[in-house]
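Note on naming: letters A, B, ... go to the chains in the order of the sequence lines (proteins, then strands), and numbering restarts at 1 for each one.
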There are 2 protein chains.
Amino acid sequence: MNLQEGQQKFIETWGTLGSNWGINRTMAQIHALLLISPEAKTADEIMEALHISRGNTNMNVRALMDWGLVFKTLKTGERKEYFYAEKDMWKVAMQVIKERRRRELEPLLGTMSSLKAVQDESAEGKQFASTVQDLDQVIAKADNTLELLLKADENWFINNFLKLLKR
Amino acid sequence: MNLQEGQQKFIETWGTLGSNWGINRTMAQIHALLLISPEAKTADEIMEALHISRGNTNMNVRALMDWGLVFKTLKTGERKEYFYAEKDMWKVAMQVIKERRRRELEPLLGTMSSLKAVQDESAEGKQFASTVQDLDQVIAKADNTLELLLKADENWFINNFLKLLKR
DNA sequence: TTGAAGTTTCAAGAAAAAATGAAAATAAGT
DNA sequence: ACTTATTTTCATTTTTTCTTGAAACTTCAA
């Protein structure tokens, strides 16, 4: 497999993975493209590389920036915006966990808490209460575990950073 | 909120959550329905509760069985099949992790390994190799961690089971 | 063997999600 | 203020995914 085929396969694989996990295929493909680009790319370069429209490119690049996975940079003397991805895959994983936790787990805990208020003594009511309670606990546990993971990672980062300063 | 509203909200929430994570909304809703049902339900009951067709019901119930989240049971003297869900949400979580690991992480490791074979000394080639290598490591790490988690959980289960036998 | 009850399949239709592209908005230089 | 380069928006179109429903299939009992 040569480089070009490899790049193609990488972009395709990342796109498929994304769509299996509820992430727009194109968004994941743009991410993949930027992950393997040594240099930041313009919207035009992305459009050309992936054969997608300007509007699509713009929407998905912005979504990637919202996720904290892609950043914008300006080159002196040029008006175009350049985009590049965070390349450290560990940081990427942590960022995705952080965002999904914020966007989904936390709202879910809110919903569970409102469902815990339902009072009903029928068999259905009892099963409902029990399922909600159990689920709430599992979600809370997952939430705490992920928070710990993220904090540990931040500390690790800060610690390394401090070490660098102290040299 | 009364029981019926709560049930409705639960089913809807679980469905939305599913679709955010790449799982068919209806499949998630059937799962939710069975999670809060004290008794196993027939295809007809599911159809009626969720206003969906027989074909749709059948497809998604089978998918849930493939995921190991729902089981079939027969009542003596009846020809209809009854379906019920695993209710222990911790087990549900472990089962989902197990299946997604098997269906996605493992194939992904295969792809990464084939991409690691790409050799190219250009700047693009170097960035490609570096990204693939880094990603491969992160995925392998996640895979191992999840395997540990699942094994720990199985042991916990086996241990509890043995304790019960020894009483 | 036949028929009734129940389940499964799958082509076609419907719904949902994503992409396009042109117009509007913004920003930067003169 | 005006012109031009660039980005953003969004109504419309396209693509993808999901659902339907009827026919085929299976199972069981008489």
Side-chain angles (χ1 to χ4, degrees), chain A residues 11-34 40-67 69-84 103-104, chain B residues 11-34 39-67 70-84 103-104:
Chain A
I11 289 169
E12 193 185 301
T13 302
W14 204 236
T16 302
L17 187 74
S19 77
N20 283 337
W21 288 81
I23 285 153
N24 178 323
R25 182 196 308 292
T26 301
M27 176 171 152
Q29 288 184 336
I30 294 176
H31 187 216
L33 175 68
L34 295 177
K41 282 188 149 41
T42 63
D44 288 277
E45 286 168 336
I46 295 170
M47 286 168 65
E48 196 195 335
L50 303 178
H51 306 289
I52 58 178
S53 72
R54 184 173 302 286
N56 198 5
T57 303
N58 183 267
M59 298 274 266
N60 284 298
V61 165
R62 273 195 308 111
L64 283 164
M65 291 195 292
D66 285 347
W67 276 75
L69 298 172
V70 162
F71 309 92
K72 180 190 316 203
T73 178
L74 298 169
K75 298 205 176 177
T76 46
E78 290 201 51
R79 274 170 74 174
K80 282 185 186 172
E81 295 173 336
Y82 284 77
F83 303 98
Y84 64 97
R103 294 174 190 215
E104 302 191 71
Chain B
I11 290 170
E12 193 185 302
T13 302
W14 204 237
T16 303
L17 187 75
S19 76
N20 284 337
W21 288 81
I23 284 152
N24 179 321
R25 181 194 309 290
T26 302
M27 177 172 153
Q29 288 184 336
I30 294 175
H31 187 216
L33 176 68
L34 295 177
E39 304 292 341
K41 282 190 149 42
T42 63
D44 288 277
E45 288 168 333
I46 295 170
M47 286 168 65
E48 195 194 335
L50 303 178
H51 306 291
I52 57 177
S53 72
R54 184 173 302 286
N56 198 5
T57 303
N58 184 268
M59 298 272 267
N60 285 300
V61 165
R62 273 194 308 111
L64 283 164
M65 290 195 294
D66 285 348
W67 276 75
V70 162
F71 309 93
K72 182 192 310 202
T73 177
L74 297 168
K75 298 205 176 176
T76 47
E78 290 201 51
R79 275 171 72 175
K80 282 186 186 171
E81 296 173 336
Y82 284 77
F83 303 99
Y84 63 97
R103 294 175 189 215
E104 302 191 71

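Taking the six-membered ring for Trp and thresholds of 30 and 60 degrees, B:W21 and A:W21 have ring planes more than 60 degrees apart, a perpendicular arrangement.
Within 6.0 Å of CE on A:M47 lie more than 12 heavy atoms contributed by other residues, nucleotides or ligands.
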Reading nucleotides 13-22 of chain D from the 5' end, what letters show protein touch, with B for base, S for backbone sugar-phosphate only, - for no heavy atom under 4.0 Å? ----SSSBB-
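Distance check: A:L34 CG to A:F83 CZ gives 9.0 Å after rounding to the nearest 0.5 Å. Atom OG1 in A:T26 sits 10.5 Å away from atom CG in A:L64 (nearest 0.5 Å). Between the CZ atom in B:R54 and the CD1 atom in B:I52 there is a gap of 11.0 Å [rounded to 0.5 Å]. To the nearest 0.5 Å, the span separating CG on A:D44 from NZ on A:K80 amounts to 4.5 Å. To the nearest 0.5 angstrom, B:H31 atom NE2 is 11.5 Å from B:L17 atom CG.
Of the possible polar contacts, one joining the B:E45 side chain to the B:T42 backbone as a donor-acceptor pair under 3.5 Å is found.
Dashed line: the shortest gap from a side-chain N or O of B:N58 to OP1 or OP2 of C:dT8 is under 4.0 Å.
Within residues 40-49 of chain A, no residue has any heavy atom closer than 4.0 Å to DNA chain C.
Just one residue in the list B:V70, B:I11, B:I46, B:N24 forms a side-chain contact (heavy atoms from CB on, under 4.5 Å) with B:I30, and that residue is B:I46.
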Given the rule in the side chain to side chain contact (heavy atoms under 4.5 Å, CB included) test, do A:N20 and B:R103 qualify, once you have shown the distances and angles that lead to the verdict? CA-CA 11 Å; A:N20 283 337; B:R103 294 175 189 215; over 6 Å; no
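To the nearest angstrom, C1' of D:dT6 lies 12 Å from OH of A:Y82. Note: CZ (B:R62) to P (C:dG6) measures 19 Å, nearest angstrom. As a whole-Å value, the separation of B:K80 NZ from C:dT7 C1' is 12 Å.
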Sub-3.5 Å pairs of nitrogen or oxygen atoms, protein against nucleotides 26-30 of chain D:
| from | atom 1 | to | atom 2 | distance (Å) |
| --- | --- | --- | --- | --- |
| D:dT27 | O2 | B:R79 | NH2 | 2.7 |

